[in-house]
Amino acid sequence: MKKVMWLLCPLLVGFLSCNDENLNETDFLAGEAFTDSNVRVVLIDTLTVDMSTMKMDSVVTSQATRMLVGQYSDPVFGTVRAASHMGLIPSGYAIDVEAEYDSIALHLNFNGYYYNDTTITNTVQVKRVLKTLRPAEGENFYNTTKVEYFDEDLGVFTYDPRPVEADTLEVRLDDAFGEDIFGKLQDNLITNADEFVDYFKGIALLPGLNDDGSIVGFSKEIGASFIRIHFGISEEDERILDHVDLQLNLNETPVPFFNQISAEILIDPLLTLTDQEINLSSHDAAGQSFIQSGLGIATKVEFPSIKSIYEIKGQGTIMDAILKIKPVAGSYNDELMLRDGFSIFIVDRNNDVTAQLVIDEVFPVTGVLNRDNEEFNDIYYEISLVNYLEELLLSEYETGEAIILLPDDFGSTVDRFVLNGAGTADHNAKLELTYAIYDDEDN
């Protein structure tokens, strides 16, 4: 620990008074002792930060907050593809015997999320699912879940993504399909949800095989995205229009919904991640580490030398701890955009996620993108890790625990990051730790 800065006690008192909103209980305990002790503050930025990349075996996507549909090419992750699957049931089972079928249409409501180039036209294939959507085991569907479809399309359409400006897409579907459902409801051949699910297993929304545009989010809320069957009843002087909607089936547990997310990895180092317990060191990946939320690719961070702080004589406490990580220059642009932040999760020695890192059991710890010097191409993510590092210092044995970086809603996004890890010269990830020492017998 070569870089140290010794500050006088009056300066420390000022530091405490200006920043007391950031202090925790242990800081205040130390502060009481400072008044009767010789105090030093050590600024350390040479503690080892180990960074690697891991890949989850699968990501739960049945609890996603949106449908994801689309495809684009990525220079790191290859062809990234998202398809959405859902089981549907009617809003009602009674249709007047005098009603006449009119049309059937799919309504998709944009929810504002997108990734990559929305100036390029997207294609969506609407497929009928062959088998009832049920998890192979447990209660979740995953990004890796496989589904079979009927060969015939219920509909194919192209559209210009306007996820922020536009509201809803309305797309005509195959009339033979619509007439079949209409007839079975009108003739009372289907009268409840169980009978309908036996007849109609659901739909899949698939991107075009040759698409290279964007992945777009659609709302999965009831009343936002649905299939509507239009019909009318002819009266003497008018035709009364009506409809029945096929909505996401919330009667089932688990709800039959999930996003399938895949990619054809392009770079060789990431191809080594064939098991969740494998860690790809940034030293073996040109000094880089990676995040791809929908695939479960995460950056793992460890601090193997943190307890060397005890080599400093005297009792002490961590006053501040900021981890700074720079995105790799040239790895992002207006399409492959940098998000302003991500969340921090704790993993065990097998890389299983055990918890999200929070403060006071409530407030999530986040990585925030600092753009203050963006005009000089100097941007970085900063993460406050005071509480986490205090716990590491207090632990009596090695648990193999580490932290990983992923977007909070990683089962609902395809956000990606390429970060500088170790072995990148001036761009190494850096931990800046402020450590206050008191009761030092040598002073």
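- Counting heavy atoms from C-beta outward, I297 and F77 have side chains that approach closer than 4.5 Å.
- For N259 (side chain) and M67 (main-chain N/O), no donor-acceptor pair under 3.5 Å exists by modelled atom type.
- Relative to the ring axis of F257, R66 does not place its NZ or CZ within 45° and under 6.0 Å from the centre.
- The environment of CG in D187 is crowded: more than 12 heavy-atom neighbours from other residues, nucleotides or ligands sit within 6.0 Å.
- Checked by atom type, the side-chain pair S225/N109 shows no donor-acceptor distance below 3.5 Å.
- Contact check on K326 versus D378 returns a salt bridge, with a Lys/Arg side-chain nitrogen under 4.0 Å from an Asp/Glu carboxylate oxygen.
- The closest side-chain heavy-atom distance from L88 to I203 is below 4.5 Å.
- Distance check: S62 OG to E139 CD gives 9.5 Å after rounding to the nearest 0.5 Å.
- For the side-chain hydrogen bond (donor to acceptor under 3.5 Å, both in side chains) test with N351, the passing option among K300, K55, E277 is K300; the others fail.
- Counting heavy atoms of neighbouring residues, nucleotides and ligands inside a 6.0 Å radius, atom CZ of F303 exceeds 12 of them.
- A donor-acceptor contact shorter than 3.5 Å links the side chain of N122 to the backbone of S214.
- Here CG of D57 is found 8.5 Å from OG1 of T144. Values are rounded to the nearest 0.5 Å.
- Applying the side-chain hydrogen bond (donor to acceptor under 3.5 Å, both in side chains) test to pairs two or more places apart or on separate chains, those with a residue in residues 359-370 are N370-Y380, N370-E382.
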- Message: Could you walk me through whether M319 and Y435 satisfy the side-chain contact (heavy atoms from CB on, under 4.5 Å) test, starting with their C-alpha distance in whole Å, then the side-chain angles of each, then the deciding distance to 0.1 Å, before giving a yes or no?
- Response: CA-CA 6 Å; M319 305 300 294; Y435 190 63; over 6 Å; no
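- Between F196 and F200, the angle of the ring planes goes over 60°, which puts this pair in the perpendicular group of the 30/60° scheme.
- Expressed to the nearest 0.5 Å, how far CG of L357 lies from CD1 of I404 amounts to 11.0 Å.
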- Message: Working note: Q63 + V255, criterion side-chain contact (heavy atoms from CB on, under 4.5 Å); need CA distance, chi angles, decisive distance, verdict.
- Response: CA-CA 9 Å; Q63 299 172 22; V255 173; over 6 Å; no
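- When every heavy atom of V49 is checked against every heavy atom of L323, the shortest pair comes out as CG1-CD1, 4.1 Å.
- A salt bridge links E100 and R239; the closest N-O separation between the charged side-chain nitrogens and carboxylate oxygens is under 4.0 Å.
- When every heavy atom of T121 is checked against every heavy atom of P161, the shortest pair comes out as CA-CD, 4.4 Å.
- Considering every non-hydrogen atom in both G411 and A64, the closest pair reads O-CB, 3.5 Å.
- Heavy atoms from other residues, nucleotides or ligands lying under 6.0 Å from CD of Q125 number more than 12.
- Ring geometry for H230 versus H107: interplanar angle of 30 to 60°, hence tilted.
- For residues 317-375, the pairs satisfying ring pair (Phe, Tyr, Trp, His ring centres under 6.0 Å) are F342-Y381, F342-F417, F345-F410, with sequence neighbours left out.
- Remark: the backbone N or O of G213 is paired with a side-chain donor or acceptor of N116 at under 3.5 angstrom.
- Salt bridge annotation for D340-R371: present, with a cationic side-chain nitrogen under 4.0 angstrom from a carboxylate oxygen.
- Distance check: S219 OG to L108 CG gives 10.0 Å after rounding to the nearest 0.5 Å.
- In this structure a side-chain-to-backbone donor-acceptor pair under 3.5 Å is missing from S73 to D212.
- Remark: D352 does not engage R349 in a salt bridge, criterion side-chain N to carboxylate O under 4.0 Å.
- Between T61 and Q260 the shortest side-chain heavy-atom distance does not fall below 4.5 Å.
- In this structure, CZ in F110 is found 5.5 Å from OH in Y159, a value given to the nearest 0.5 Å.
- For Y142 and F258, the ring centers are positioned 6.0 Å apart or more.
- Around CD of E221, the count of heavy atoms belonging to other residues, nucleotides or ligands within 6.0 Å does not exceed 12.
- Put simply, the side chain of Y115 never gets that close to the backbone of G217: no donor and acceptor are under 3.5 Å apart.
- A salt bridge links E432 with K324: the distance from a Lys NZ or Arg NE/NH1/NH2 to an Asp or Glu carboxylate oxygen falls below 4.0 Å.
- In this structure, E170 contributes its side chain and R172 its backbone to no donor-acceptor pair below 3.5 Å.
- I215 places none of its side-chain heavy atoms less than 4.5 Å from the side chain of Q71.
- Using a 4.5 Å heavy-atom cutoff, the side chains of N279 and T53 are not in contact.
- Other residues, nucleotides and ligands place more than 12 heavy atoms under 6.0 Å from the CG atom of D198.
- Looking at T132, its side chain never comes within 3.5 Å of a backbone N or O of K201 through a donor-acceptor pair.
- Between I267 and P75 the shortest heavy-atom distance is CG2-O, 4.2 Å.
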- What do the steps show when you test V347 against T354 for side-chain contact (heavy atoms from CB on, under 4.5 Å), and what is the final call? CA-CA 5 Å; V347 294; T354 59; 6.0 Å; no
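- Residues satisfying the salt bridge (charged side-chain N to carboxylate O under 4.0 Å, His left out) criterion with K127, sequence neighbours excluded, are D153.
- If you take OG on S305 and CG on L47, they are separated by 4.5 Å, rounding to the nearest 0.5 Å.
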- Task: Could you check N420 against N428 for side chain to side chain donor-acceptor pair (under 3.5 Å), going step by step and ending with a plain yes or no?
- Result: CA-CA 6 Å; N420 283 298; N428 281 353; over 6 Å; no
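- Under the 3.5 Å distance criterion, with hydrogens and angles disregarded, a donor-acceptor pair is assigned to the side chains of D415 and Y113.
- V353 has its side chain out of reach of L406: every pair of non-hydrogen atoms, C-beta onward, lies at least 4.5 Å apart.
- Taking the side chain as every heavy atom from C-beta outward, I233 and D242 never approach each other to under 4.5 Å.
- Around the CG atom of N210, the shell of radius 6.0 Å holds no more than 12 heavy atoms that belong to other residues, nucleotides or ligands.
- Counting all heavy atoms, side chain and backbone alike, Q186 lies closest to A99 at NE2-O, 2.9 Å.
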- Task: Could you go through the side chain to side chain donor-acceptor pair (under 3.5 Å) check for D175 and S103 one step at a time?
- Result: CA-CA 6 Å; D175 281 321; S103 61; 5.8 Å; no
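- Taking each heavy atom of V129 and L133 in turn, the nearest pair found is CG1-CD2, 4.0 Å.
- Taking a 6.0 Å sphere around CD of Q356, one finds it holds more than 12 heavy atoms contributed by other residues, nucleotides or ligands.
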- Message: Test side-chain contact (heavy atoms from CB on, under 4.5 Å) on D74 and L336; report intermediate values, then the result.
- Response: CA-CA 8 Å; D74 187 294; L336 298 172; 3.6 Å; yes
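- Looking at heavy atoms from C-beta onward, F231 lies out of side-chain contact with L241 at the 4.5 angstrom threshold.
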